[in-house]
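See below for the structure under consideration.
On a predicted model such as this, the values are computed, not experimentally measured, just so you know. Chain naming here is simple, since letters A, B, ... match the order of the sequence lines and numbering starts at 1 in each.
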Amino acid sequence: RTAMLSGYCQAGRIAEARLLFDDMPKRNVVSWTAMISGYSQNGKLNLARKLFEVMPDRSEVSWTAMLVGYIQAGHIEDAEQLFNAMPEHPVAACNAMMVGFGQRGMVDAAKAVFERMQEKDDGTWSAMIKAYEQNEFLIEALSTFRDMSWRGIRPNYPSVISILTVCSALAILNYGREVHAAMLRCSFDMDIFTVSALITMYIKCGNLDKANRVFNMFEPKDVVMWNSMITGYAQHGLGEEALGIFNDMTIAGMAPDGITYIGVLTACSYTGKVKVGREIFNSMCKNSAIRPGAEHYSCMVDLLGRAGHVDEALDLIKNMPVEADAIIWGALMGACRMHKNAEIAELAAKKLLELEPESAGPYVLLSHIYTSTGRWEDASKMRKFISSRNLNKSTGCSWIEYDKRVHLFTSGDILAHPEHAIILKMLEKLDGLLMESGYSADGSFVLHDIDEEQKLHSLRYHSERQAVAYGLLKVPEGMPIRVMKNLRVCGDCHAAMKLIAKITSREIILRDANRFHHFKDGFCSCRDYW
DNA sequence: TTAGGGTTAG
């Protein structure tokens with residue numbers, strides 16, 4: 001009888017479950033708990049709570065079922081209260097509480113529960129790792145994963161996925177490879193969820209070949225896996241390849257979803273395929289089950305604007321059936337920056353200010369626009385405003401993985417690295433070589449560079465250049481130098497990278513905030529279109 | 001009868 005009751009609950013047939021419950025001649029803790037769990041899993045928290053209050057005895061499981069209901073509904077305060085009132089704290093309840101704290105960004109609270117637990121299971125560890133990962137405590141996530149392995153606890157699915165996500169974010173390819181090896185040992189390479197995370201890890205670490213190999217080997221693929229590969233090629237600026245996968249996907253009979261279209265349109269945008277992009281967008285509007293949303297319009301604004309059709313992009317915004325959000329205005333602003341369209345840039349920046357008053361980008365752009373159009377007073381007002389308010393202006397940093405360690409560089413502070421002496425020497429040597437080949441740093445990127453990494457020293461100390469210099473010193477000949485940057489690469493550094501790759505005959509793979517640049521032989525895979 | 005999973009545009 002209780003089994004049937006929970007069967008109804010799991011199928012969401014709560015009313016029938018309740019009838020059965022009321023009809024039961026004998027009810028025990030288990031059946032009461034099943035009913036509570038049914039209500040709380042289906043969002044009927046008040047009913048669950050009523051039963052919980054009147055039930056004759058409560059087991060640990062009843063408490064936990066009630067707790068999980070609150071957490072899943074996002075009522076973290078109620079959950080916390082209940083948790084504190086519990087006579088005992090079973091592992092399942094602690095784990096659930098940690099997940100709840102993690103989802104609400106309360107990492108310290110999750111950690112406090114974690115540390116107080118006498119008994120931990122694999123779920124405890126993965127809940128802690130996930131809380132760190134989702135709140136961008138990436139180093140803590142890694143060390144917790146290490147700690148877990150040292151204690152001989154085998155990784156489980158959620159922890160493997162979390163840790164792959166961390167590897168993707170930090171672009172630590174070698175660590176990611178080790179996780180891949182561990183996956184093979186645990187047969188997690190058969191699981192579609194972890195394999196998708198694995199593909200994304202290889203893509204975000206800049207190793208497309210490996211991503212492609214894993215992708216090709218896995219059958220049957222689901223839509224997410226196809227999407228991972230399409231967006232991966234898009235990020236690397238490989239438009240043809242992305243469209244090829246999209247085509248294969250259609251042949252395989254897999255229906256695209258909204259994210260597929262984001263990936264394909266981005267691929268077109270990054271590679272200047274305006275015609276194909278338009279066709280795909282039109283066919284999506286006409287005969288697809290997926291209606292284009294704000295995210296697709298933003299891809300189109302980006303596609304048109306990037307290609308120089310800034311007016312058309314603005315028209316599209318004016319005529320589209322959805323409300324323009326910050327992302328759309330941001331895409332338009334980016335296009336104006338690229339094509340130096342001060343007039344529309346001002347409009348876009350002002351719209352953006354209304355929607356996101358806390359971000360520094362639009363203010364910085366506006367000040368550049370005012371400067372370049374001779375509106376000195378407006379420009380200085382804007383600059384004062386930027387410095388007077390504590391706006392979200394992240395400092396630029398770049399990093400490189402070497403010898404199982406992440407080496408971090410920031411623009412102003414090269415002395416922070418223990419090996420700064422040889423790095424500085426290398427930077428100076430590069431300067432000499434760049435000069436010889438006719439390179440000169442110019443200031444024509446003012447309108448171009450919105451992220452404005454603080455230029456405390458001269459341009460050559462930008463963080464990405466420090467990281468590349470370090471890579472040149474350490475990464476063995478013949479291996480590509482993989483550098484990551486948290487912001488968009490600056491135009492000046494982009495030009496320098498092309499030359500550095502040529503002069504030193506090295507391949508440099510740079511991941512910036514948006515996409516990848518593969519520098520080789522004096523050229524970049526983005527063909528300066530980024 | 002209790003928790004825990006992947007992809008996304010600027």
Whether the [X] and [Y] side chains hold a donor-acceptor pair (N or O, under 3.5 Å, no angle test) is what I'd like checked.
| X | Y | result |
| --- | --- | --- |
| Thr260(A) | Asp257(A) | yes |
| Thr165(A) | Ser162(A) | no |
| Asp311(A) | Asn341(A) | no |
| Tyr270(A) | Arg527(A) | no |
| Ser31(A) | Asn28(A) | yes |
| Thr33(A) | Ser62(A) | yes |

Interatomic distance where [atom1] belongs to [X] and [atom2] belongs to [N] [whole Å]:
| X | N | atom1 | atom2 | answer |
| --- | --- | --- | --- | --- |
| Met229(A) | dT8(B) | CE | P | 13 Å |
| Ile199(A) | dT8(B) | CD1 | P | 12 Å |
| Met333(A) | dA9(B) | CE | P | 17 Å |
| Met117(A) | dG4(B) | CE | C1' | 13 Å |
| Ile317(A) | dG10(B) | CD1 | C1' | 12 Å |
| Phe193(A) | dG6(B) | CZ | C1' | 7 Å |
| Ile203(A) | dT8(B) | CD1 | C1' | 12 Å |
| His296(A) | dA9(B) | NE2 | C1' | 9 Å |

- Message: With hydrogens left out and only the distance checked, is there a donor-acceptor pair under 3.5 Å joining Asn156(A)'s side chain and the base of dA3(B)?
- Response: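 Absent.
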
- Item | No-H, no-angle donor-acceptor pair, Asp191(A) side chain to dG6(B) base, under 3.5 Å | no

If you count heavy atoms of other groups shown closer than 6.0 angstrom to [atom1] of [X], is the number above 12?
| X | atom1 | value |
| --- | --- | --- |
| Glu53(A) | CD | yes |
| Glu323(A) | CD | no |
| Lys273(A) | NZ | yes |

- Message: Below 30° counts as parallel, above 60° as perpendicular, anything between as tilted: where do the rings of Phe137(A) and Tyr132(A) land?
- Response: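 Judged by the thresholds at 30° and 60°, the geometry between Phe137(A) and Tyr132(A) is tilted.
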
- Query: What is the ring orientation for Trp226(A) with Phe215(A), classed by angle as parallel under 30°, tilted 30 to 60°, or perpendicular over 60°?
  - Reply: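 Perpendicular: the ring planes of Trp226(A) and Phe215(A) meet at over 60°.
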
- Ring-base stacking, Tyr157(A) with dG5(B) (5.5 Å, 30° cut-offs): no

Within [range], find the residues that approach DNA chain B with a heavy atom at under 4.0 Å, and present them sorted by residue number.
| range | result |
| --- | --- |
| residues 50-69 of chain A | Val61(A), Thr64(A), Val68(A) |
| residues 2-28 of chain A | Ser6(A) |
| residues 77-95 of chain A | Ala92(A), Asn95(A) |

- Considering the options His75(A), Glu77(A), Arg49(A), which one meets the side-chain hydrogen bond (donor to acceptor under 3.5 Å, both in side chains) requirement together with Tyr70(A)?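 Checked His75(A), Glu77(A), Arg49(A) against Tyr70(A); only one passes side-chain hydrogen bond (donor to acceptor under 3.5 Å, both in side chains): Arg49(A).
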
Within the structure shown, what part of the strands sits under 4.0 Å from [X] by heavy-atom distance: base, sugar-phosphate, or nothing?
| X | result |
| --- | --- |
| Ala331(A) | sugar-phosphate |
| Lys204(A) | sugar-phosphate |
| Asp222(A) | base |
| Asp325(A) | nothing |
| Glu356(A) | base |
| Tyr270(A) | sugar-phosphate |
| Gly334(A) | nothing |

Let's see if you can work this out: which of [options] has an atom nearest to the side-chain heavy atoms of [X]?
| X | options | result |
| --- | --- | --- |
| Ile262(A) | dG6(B), dT7(B), dA9(B) | dA9(B) |
| Thr231(A) | dG6(B), dT8(B), dA9(B) | dT8(B) |
| Ile327(A) | dG10(B), dT7(B), dG4(B) | dG10(B) |
| Glu295(A) | dA9(B), dA3(B), dG10(B) | dA9(B) |

- Heavy-atom distance under 4.5 Å between the side chains of Pro292(A) and Tyr261(A), does that happen here? no

Can you check whether [X] has a side-chain N or O nearer than 4.0 Å to OP1 or OP2 of [N]?
| X | N | answer |
| --- | --- | --- |
| Arg515(A) | dG10(B) | no |
| Gln41(A) | dA3(B) | yes |
| Gln72(A) | dG4(B) | yes |

- Item | Derivation of the side-chain contact (heavy atoms from CB on, under 4.5 Å) call for Met484(A) and Leu170(A) | CA-CA 8 Å; Met484(A) 264 57 58; Leu170(A) 290 174; over 6 Å; no

